[in-house]
Amino acid sequence: MLFIVAALLLLGVVLGTVAHAPLTFTAVAAVVIAVWLGIFALRERHGRRRASSVN
(Lines give C-alpha, C1' and ligand atoms only; values in the text may rest on other atoms or scores of the structure.)
Protein backbone atom coordinates (compact mmCIF):
# COMPACT_ATOMS: atom_id res chain seq x y z
CA MET A 1 0.00 0.00 0.00
CA LEU A 2 2.82 2.37 0.83
CA PHE A 3 4.39 1.63 -2.55
CA ILE A 4 1.17 2.66 -4.33
CA VAL A 5 1.00 5.91 -2.37
CA ALA A 6 4.64 6.69 -3.17
CA ALA A 7 4.12 5.87 -6.85
CA LEU A 8 1.06 8.13 -7.07
CA LEU A 9 2.92 10.93 -5.31
CA LEU A 10 5.83 10.61 -7.72
CA LEU A 11 3.44 10.51 -10.68
CA GLY A 12 1.79 13.70 -9.44
CA VAL A 13 5.15 15.46 -9.15
CA VAL A 14 6.20 14.34 -12.64
CA LEU A 15 2.89 15.35 -14.22
CA GLY A 16 3.04 18.68 -12.44
CA THR A 17 6.51 19.26 -13.83
CA VAL A 18 5.43 18.31 -17.34
CA ALA A 19 2.48 20.69 -17.13
CA HIS A 20 4.88 23.60 -16.58
CA ALA A 21 7.48 22.52 -19.13
CA PRO A 22 7.32 23.80 -22.71
CA LEU A 23 5.50 21.55 -25.17
CA THR A 24 8.59 21.02 -27.32
CA PHE A 25 10.62 19.81 -24.34
CA THR A 26 7.82 17.46 -23.30
CA ALA A 27 7.55 16.04 -26.84
CA VAL A 28 11.32 15.54 -27.14
CA ALA A 29 11.47 13.84 -23.74
CA ALA A 30 8.54 11.59 -24.69
CA VAL A 31 10.23 10.56 -27.95
CA VAL A 32 13.52 9.83 -26.17
CA ILE A 33 11.76 7.67 -23.58
CA ALA A 34 9.76 5.85 -26.28
CA VAL A 35 12.91 5.07 -28.28
CA TRP A 36 14.69 3.89 -25.14
CA LEU A 37 11.80 1.57 -24.24
CA GLY A 38 11.62 0.29 -27.82
CA ILE A 39 15.34 -0.56 -27.86
CA PHE A 40 15.00 -2.24 -24.48
CA ALA A 41 12.04 -4.32 -25.71
CA LEU A 42 13.90 -5.41 -28.84
CA ARG A 43 16.98 -6.40 -26.85
CA GLU A 44 14.86 -8.38 -24.40
CA ARG A 45 13.01 -10.17 -27.19
CA HIS A 46 16.25 -10.95 -29.01
CA GLY A 47 17.90 -12.17 -25.81
CA ARG A 48 15.02 -14.48 -24.93
CA ARG A 49 14.99 -16.02 -28.40
CA ARG A 50 18.72 -16.71 -28.21
CA ALA A 51 18.44 -18.20 -24.70
CA SER A 52 15.52 -20.46 -25.62
CA SER A 53 17.26 -21.79 -28.73
CA VAL A 54 20.31 -22.82 -26.66
CA ASN A 55 18.18 -24.92 -24.30
Side-chain angles (χ1 to χ4, degrees):
M1 183 69 179
L2 186 59
F3 176 75
I4 294 172
V5 171
L8 288 174
L9 180 64
L10 182 62
L11 181 65
V13 169
V14 170
L15 287 178
T17 302
V18 169
H20 295 288
L23 184 59
T24 55
F25 174 78
T26 304
V28 168
V31 168
V32 168
I33 291 169
V35 168
W36 177 44
L37 289 174
I39 291 170
F40 176 77
L42 288 174
R43 290 182 65 196
E44 284 292 312
R45 175 178 283 185
H46 183 68
R48 289 187 184 183
R49 283 186 183 167
R50 181 181 295 170
S52 63
S53 65
V54 171
N55 293 333

Handout entry: Leu9 CG to Leu2 CG distance, which is reported to the nearest 0.5 Å
Key = 10.5 Å
Practice task
Report the distance from atom CG of Leu37 to atom CG of Leu42, rounding to the nearest 0.5 Å.
Solution key: 11.0 Å
Handout entry: Path from Val5 to Val13 over hydrophobic side-chain contacts below 4.5 Å
Key = no
